[in-house]
Amino acid sequence: MSNPIQPAEASPVAAGSPSAGRRLLVTSALPYANGPIHIGHLVEYIQTDIWVRFQKLRGNRCVYVCADDTHGTAIMIRARNEGRSEEELITQMSGAHQADFAGFEIEFDHYGSTHSEENRQLCHEFWQSMRAADLISERGISQLFDPEAETFLADRFVRGTCPKCGSLNQPGDNCGVCGATYSPIDLIDPKSTLSGSTPLVREATHLFVRLERLHDFLSEWIESSGALQSETANYLKGHFLANELRDWDVSRPAPYFGFEIPDAPGHYWYVWFDAPIGYIASTQQWCQRSGERLDDWWRSADCEVHHFIGKDITYFHTLFWPGMLKTAGYSLPTKVHIHGFLNVGGEKMSKSTGTLVAAETYLKFADPSFLRYFYATKLSSKVEDLDLGLEEFTDKINSDLIGKVVNLASRVGKFASGTGLATRYPDDGGLFAAAAAAGEEIAEAYEACDFSRAMRRIMELADAANPFVEHARPWEMKKDPARVDELRDVCTVALNLFRQLAIYLAPVLPKLARQCGELLGDPIVAWNQSQRPLLGSAVQPFRRMMDRIQIEDLQKMIEESRSEEPAVAVGDASRWTDSDQPLRDEPLAAEIGIDDFAKVDLRIARVVAAEQVPEANKLLKLTLSLGGDERRQVFAGIKAAYQPEELVGRLVVMVANLAPRKMRFGLSEGMVTAAGPGGAEVFLLGVDEGGKPGQRVH
RNA sequence: GGCGGAGUAGCUCAGUUGGUUAGAGCACCGGCUUCAUAAGCCGGGUGUCACCGGUUCAAGUCCGGUCUCCGCUACCA
């Protein structure tokens, strides 16, 4: 056997070892005050919280700030619809968010709001710096205005007919059918989704940040600061830095819920201007509360700044934000940690399948520790989407946490309160020493945000610990009073090995760390507690720490999330329980008269030939017959849904008078009608028995 | 089409700078144990390392090509 570890021999390890004494300011992206927190959001807050708890456990000075993101048109509209003030809405939402976070043991040092006096002041300061640096320009742009709601309309609040392909009821910025991008002004027959009225085109002055002036600085920072993963730096170089950086529109004309720009009355800062500044404002509130100086955290070379964000908001944090910070003289981020999205069961979360689970709903069915651990096993430093599979989730929790970790304590816990811990650490075959030695490697994995690696290493330790108990057979010792010393030794080893696991897992499972601290009468407060065994103390009565989870619990959770969809009253048709999702995805278009409809000449056509277009991603080439010699060549975006063979001979409905359009693979002389969201989910319209090619649809 | 990532056991994944017979956990099979247990312990490998070629004494690992999947992006119905 190897060296038994004695307290006197254990080498004292400096708190947090080489990294001791760092100062870190850490943020998660600010959740928007327009909806509840769901398990997708939680990936980021749990990831950040684990990292922050790890840093604190290592003895570093680490401050974790966040805030609600409260400004913008969406908040204004929602408050208006609910008949209350914006302030009332965001106050209530902030409370709900903070309750959700607390439920998952996400512990901020400060949680603020972008709608704060501190933020307003800081926005003024940033703005002045940017004015002084001559970064701001001004010009008029044409924008749609809703005369009824008396507000300018962001792209997503306008729908209309696509100017390119003529599809009805498309969003204001791009066509969901043909994918064309355009300005909402180009829409044919636009409608405001707020009031249904026809928007007017109005000229409005906007203020812009001339980002191109920071091009050299940004290129340099992105390339060589080390703040970004190479894949992200690469993406930015390819998509943005290769060309001239476009001016960034940072103002919105009144009415807008936000801060009015001091030297441009009637104009408000766009929400993405004041949101990141909210990181600093929240820090400032924390400083005021704790007697700290803001400059020590945001203008000090000794303090690291770490942002955790999702991949969807990469360019706000890697282009605009560093530019703003640089201009205003604040610290640039030491690191921007970017994570991917959450899928559930291999698919995007959605309300209709019930996979978009609210934080509050999750807490009704499962232990928050489980989600924290599960995410930890899935998270790495890469920008990768992660998948939550229900079976994988329950397997991992039950075998890792229950079977390996908690069970280790449970197996000896009930004996140990009688024996207490031995005063000398017994021979354990080197288990404790090996686990102590693994500490640095695990710490490195945490530091690098490679949590999955850390969890793997920790579970290896747990795997090694359980056979020790099995072979020692403490239950037999219990029967013989003469063997009480042996029994105490076994308990001492098992509980110390358990404690090491609890320390290494403490960033992920703070509750387990507390329970371990209570059991052994010694709170877990520092990483280096893993290096020396706890000896000679009493053990408190054992209390159950976690319960197994059944997959049925999760299924119920999904079920409840699905039923949160408001049911639609359907009266006599209630035996048909069709989802309302399609209508919600694509609301009904504006009313038209019969004349409008008559413009569209729909005809029955027979597919007489169908072939693959090998180079195309989505297209099949169809030859349609309208009877006689009338043939049309049509390219249809149904490649993922249909094989050419199954189409030949079929009757379909086509738009016969659509202007021909030249495409990469040839001329398309019409359009085949189909429904569905796209991809493989495309369904051609059929024709009942008796219909003949060439007949018009009336 | 462009950029990025991935492809190793039924599943989730490790696999350092090339170096014995390719690993772990889960699942599975057999046995043991269960007056500590939420269970566990002992044993069992189930593989064309996506494919083809190359470099090398030696390739899961390096190089070239091909295929598939995912993400972003562009074009397009």
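Throughout, protein chains are lettered first and strands after them, A, B, ... in sequence-line order, and every chain is numbered starting at 1.
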Rounded to whole Å, CZ of A:Arg543 lies from P of B:A36 at a distance of 22 Å

In whole angstrom, what separates A:Ile551's CD1 from B:A27's C1'? 13 Å

B:U56 pairs with, by Watson-Crick or G-U criteria that keep both distances under 3.5 Å: none

What integer number of Å spans the P atoms of B:G5 and B:C41? 39 Å

Less than 4.0 Å between a side-chain N and a carboxylate O, is that true for A:Glu444 and A:Arg453? no

Select base, sugar-phosphate, or nothing to describe what A:Arg456 touches, counting heavy atoms under 4.0 Å on all strands. sugar-phosphate

How far does CG of A:Leu379 sit from SG of A:Cys449, to the nearest 0.5 angstrom? 8.5 Å

When the ring planes of A:Phe240 and A:Tyr315 are compared, do they come out parallel, tilted or perpendicular, using 30° and 60° as the limits? parallel

Determine the contact category for A:Phe374: base if any of its heavy atoms lies under 4.0 Å from a base atom, sugar-phosphate if only primed atoms, P, OP1 or OP2 are that close, otherwise nothing. nothing

May I ask which nucleotide in the shown strands pairs with B:C35, Watson-Crick or G-U wobble, both distances under 3.5 Å? none

Reckon A:Asn398 touches a base, only the sugar-phosphate, or nothing at all at heavy-atom distances under 4.0 Å? nothing

Any side-chain to backbone donor/acceptor pair from A:Arg372 onto A:Glu105? Under 3.5 Å, distance only. yes

For A:Glu384, report the nucleic acid contact type (base, sugar-phosphate, nothing); a contact means any heavy atom under 4.0 Å. sugar-phosphate

Could you work out which one of B:C26, B:C41, B:U12 sits closest to the side chain of A:His471? B:C41

B:G47 to B:G10 separation - P atoms, rounded to the nearest Å: 6 Å

Base, sugar-phosphate, or nothing: which does A:Ser410 touch, judged by heavy atoms less than 4.0 Å apart? base

Does a nitrogen or oxygen in the side chain of A:Lys479 sit under 4.0 Å from OP1 or OP2 of B:A36? no

Work out how far the C1' atom of B:C76 is from that of B:A24, and round it to whole angstrom. 47 Å

Looking only at B:G25, B:A77, B:C42, the nucleotide nearest the A:Asp400 side chain is B:G25

Going by atom types only, do A:His307 and A:Trp321 share a side-chain donor-acceptor pair under 3.5 Å? yes

Which of these nucleotides, B:C26, B:C42, B:C3, is closest to any side-chain atom of A:Asn234? B:C3

Please determine, for the side chain of A:Asn407, which listed nucleotide (B:U37, B:C41, B:A36) has the closest atom? B:U37

Take atom NZ of A:Lys378 and atom C1' of B:A14, then tell me their distance rounded to the nearest Å. 14 Å

Closest to the A:Lys382 side chain: B:C72, B:G71, B:A6? B:A6

What is the nucleic acid contact for A:Val406, judged by heavy atoms within less than 4.0 Å: base, sugar-phosphate only, or nothing? base

For B:C72, what is the paired nucleotide under Watson-Crick or G-U wobble rules, both distances under 3.5 Å? B:G2

For B:G7, the Watson-Crick or wobble partner whose two distances fall under 3.5 Å: B:C67

Assign each of A:Lys396 and A:Asp463 to its nearest nucleotide of RNA chain B by heavy atoms, then name whichever residue's nucleotide is nearer the 5' end. A:Lys396

Any A:Lys311 side-chain nitrogen or oxygen under 4.0 Å from OP1 or OP2 of B:G71: no

Taking the C1' atom in each of B:A27 and B:G45, what is the distance between them to the nearest angstrom? 13 Å

With side-chain hydrogen bond (donor to acceptor under 3.5 Å, both in side chains) as the test, pick out the partner of A:Asp385 among A:Lys311, A:Lys378, A:Lys348. A:Lys311

Please give, in whole Å, the distance from B:C76 P to A:Lys621 NZ? 19 Å

Testing B:C41, B:G71, B:G4 for proximity to the side chain of A:Asn466, the answer is B:C41

If we require ring centres under 5.5 Å and near-parallel planes under 30°, does A:Trp475 stack on B:A36? yes

Only pairs with both distances under 3.5 Å count, Watson-Crick or wobble alike; so what is the partner of B:G43 in this structure? B:C29

Touch class at under 4.0 angstrom, heavy-atom based, for A:Pro474 against every strand present: nothing

Among B:C41, B:G25, B:A38, which is the nearest nucleotide to the side chain of A:Met545? B:A38

Please report, rounded to the nearest Å, how far the C1' atom of B:G40 is from the CG atom of A:Leu408. 11 Å

What nucleic acid atoms does A:Arg453 come within less than 4.0 Å of, heavy atoms only: base, sugar-phosphate, or nothing? sugar-phosphate

Partners of A:Phe54 by ring pair (Phe, Tyr, Trp, His ring centres under 6.0 Å), sequence neighbours excluded? A:Tyr446, A:Trp527

Between C1' of B:G4 and NZ of A:Lys237, the distance in whole Å: 13 Å

